[in-house]
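Just so we're on the same page: letters track the sequence lines, and every chain starts at 1.
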Protein chains: 2
Amino acid sequence: MTQLVLVTYDWVPEPPRGLVRDLRVRWALEEAGLPYRVESTPFEDRPAEHIAHQPFAQVPWLTDGDVSVFESGAVLLYLAEKSEALMPKGARPEATEWVFAALNSVEMATQPWVLFHFWGVDSGPAREQFDNFVKLRLDRMEPVLAEREWLVAGQFGVADILMADVLRVVDKFDGLKAHPACKAYVDRATARPAFQKAHADQLAHFAAADAARA
Amino acid sequence: MTQLVLVTYDWVPEPPRGLVRDLRVRWALEEAGLPYRVESTPFEDRPAEHIAHQPFAQVPWLTDGDVSVFESGAVLLYLAEKSEALMPKGARPEATEWVFAALNSVEMATQPWVLFHFWGVDSGPAREQFDNFVKLRLDRMEPVLAEREWLVAGQFGVADILMADVLRVVDKFDGLKAHPACKAYVDRATARPAFQKAHADQLAHFAAADAARA
């Protein structure tokens with residue numbers, strides 16, 4: 001009986017498809033080979049039930065019986081306790097620090113930069129400062145990723161899912177050209193069958209919603 | 001014998017004093033009553049030893065014998081395993097989700113907004129978008145904080161240290177005026193003796209460095 005339920009939107013517009021954060025959770029579940037099912041919550045008119053599970057009215061969240069967890073970082077650390085494919089025994093402190101490095105050091109610089117692209121903020125002092133901030137973070141990640149295949153304990157894990165997902169979006173906007181080790185890391189992470197399946201499943205999920213609306 | 005060592009800069013310029021992230025770790029250690037000592041690493045000319053502990057050349061990091069942990073979020077979750085004053089038994093999933101909510105949902109909006117204040121970005125499309133983004137997050141936190149004293153399991157803990165520290169900086173720039181429950185939460189968190197001591201200790205640490213330089 002499948003107990004793990006991943007909840008995402010029933011539909012999203014075209015631009016964020018392939019980027020919605022349920023992808024991080026799908027990827028982890030596929031890497032671990034944990035059985036799960038996907039349920040939908042309305043993108044438009046988000047009900048109180050949604051806010052009860054995710055107070056920012058975003059997705060994803062995961063339920064595991066009576067336990068409900070939101071925030072992709074928290075969901076991945078929760079799943080990591082269930083599978084050594086996501087975090088080897090004894091590696092919790094190191095895995096945790098790199099999960100936060102992805103989400104609070106690197107994404108803290110890259111997400112505003114990505115949003116500026118979506119919003120058409122092509123110049124000005126804010127854009128220039130964030131161009132520099134992104135470069136500062138990538139300059140620090142470059143030697144780390146040049147000397148190791150994966151971030152923690154010599155094996156792929158939850159920190160890689162998050163770091164690669166963060167850097168993948170930078171790459172979409174041609175932001176890794178001066179950082180070949182970061183680019184190679186994104187390429188080898190996204191070549192994994194679990195990423196490929198997670199990505200295809202997300203696209204198929206939203207495409208099915210289009211068909212249902214048509 | 002004190003095994004926990006918190007490492008921060010030997011000195012910082014005036015503007016970030018009271019905001020350096022070692023404060024989050026000091027606060028947690030004081031709440032838990034865990035013995036620790038503070039060591040310094042040079043703010044200028046950061047040595048390779050620094051990068052070995054903190055690959056982004058930032059502070060803080062914590063050592064516990066052979067274990068070394070960076071990222072304030074990871075350090076607090078690490079300390080939470082040592083003290084029920086920081087996280088009650090069985091509350092790990094819920095504490096973890098709120099830690100990420102503070103650092104990846106709320107601070108993701110507020111840190112750029114705070115940086116714009118430091119950088120003098122007072123107008124323009126980037127500033128307007130982030131004014132809206134901060135409001136969106138605070139609008140979601142307001143009902144949460146109106147109905148509970150602390151975020152997790154009815155007691156103060158690591159998620160409150162991080163959320164209150166994130167919101168405290170917004171308050172410094174008068175950003176909580178339309179969100180009284182957020183403001184009241186910051187006030188009751190920062191009234192705690194452990195915060196007061198942590199804050200005074202950070203200011204004293206950097207003031208001592210001024211004296212040594214004079």
Looking at [X] and [Y], would you say the former's side chain and the latter's main chain have a donor-acceptor pair under 3.5 Å?
X      : Y     : result
B/R17  : B/V12 : yes
A/D22  : A/V7  : no
B/Q202 : B/V20 : yes
B/R46  : B/A57 : yes

Item checked: B/H205 versus B/S40, side-chain donor and acceptor atoms under 3.5 Å -> yes
Is it the side chain or the backbone of [X] that comes within 4.5 Å of chain B heavy atoms, both, or neither?
X      : value
A/R92  : side chain
A/L103 : both
A/F56  : both

Item checked: Residue pair A/P13 / A/W11, side-chain heavy-atom distance below 4.5 Å -> yes
Margin query: Does any backbone or side-chain atom of B/L136 lie under 4.5 Å from a heavy atom of chain A? Answer side chain, backbone, both or neither.
Written below: neither
Margin query: Using heavy-atom distances under 4.5 Å, tell me whether B/Y78 contacts chain A through its side chain, its backbone, both, or neither.
Written below: side chain
Next item on the list: Assign the ring pair A/W61 / A/H50 to parallel, tilted or perpendicular, where the plane angle (0 to 90°) is split at 30° and 60°.
Entry: tilted
Next item on the list: Please state whether the rings of B/W119 and A/F130 are parallel, tilted or perpendicular, taking 30° and 60° as the class boundaries.
Entry: perpendicular
Next item on the list: Salt-bridge test for A/D187 and A/K183: reply yes if a basic N is under 4.0 Å from a carboxylate O, no otherwise.
Entry: yes
Next item on the list: For the pair B/D131 and B/K135, find out whether any cationic side-chain nitrogen is under 4.0 Å from an anionic carboxylate oxygen.
Entry: no
Notebook entry, point to check: Based on non-hydrogen pairs under 4.5 Å, which of A/S68, A/P125, A/A101, A/P112 is most in contact with chain B?
Noted result: A/A101
Report the option among [options] that has the most heavy-atom pairs separated by less than 4.5 Å from atoms of chain A.
options                : value
B/R140, B/E81, B/E97   : B/E97
B/F133, B/W98, B/F116  : B/W98
B/N104, B/V106, B/V121 : B/N104

Next item on the list: Tabulate, in ascending numerical order, the residues of residues 149-181 of chain B having at least one heavy atom closer than 4.5 Å to a heavy atom of chain A, or enter 'none'.
Entry: none
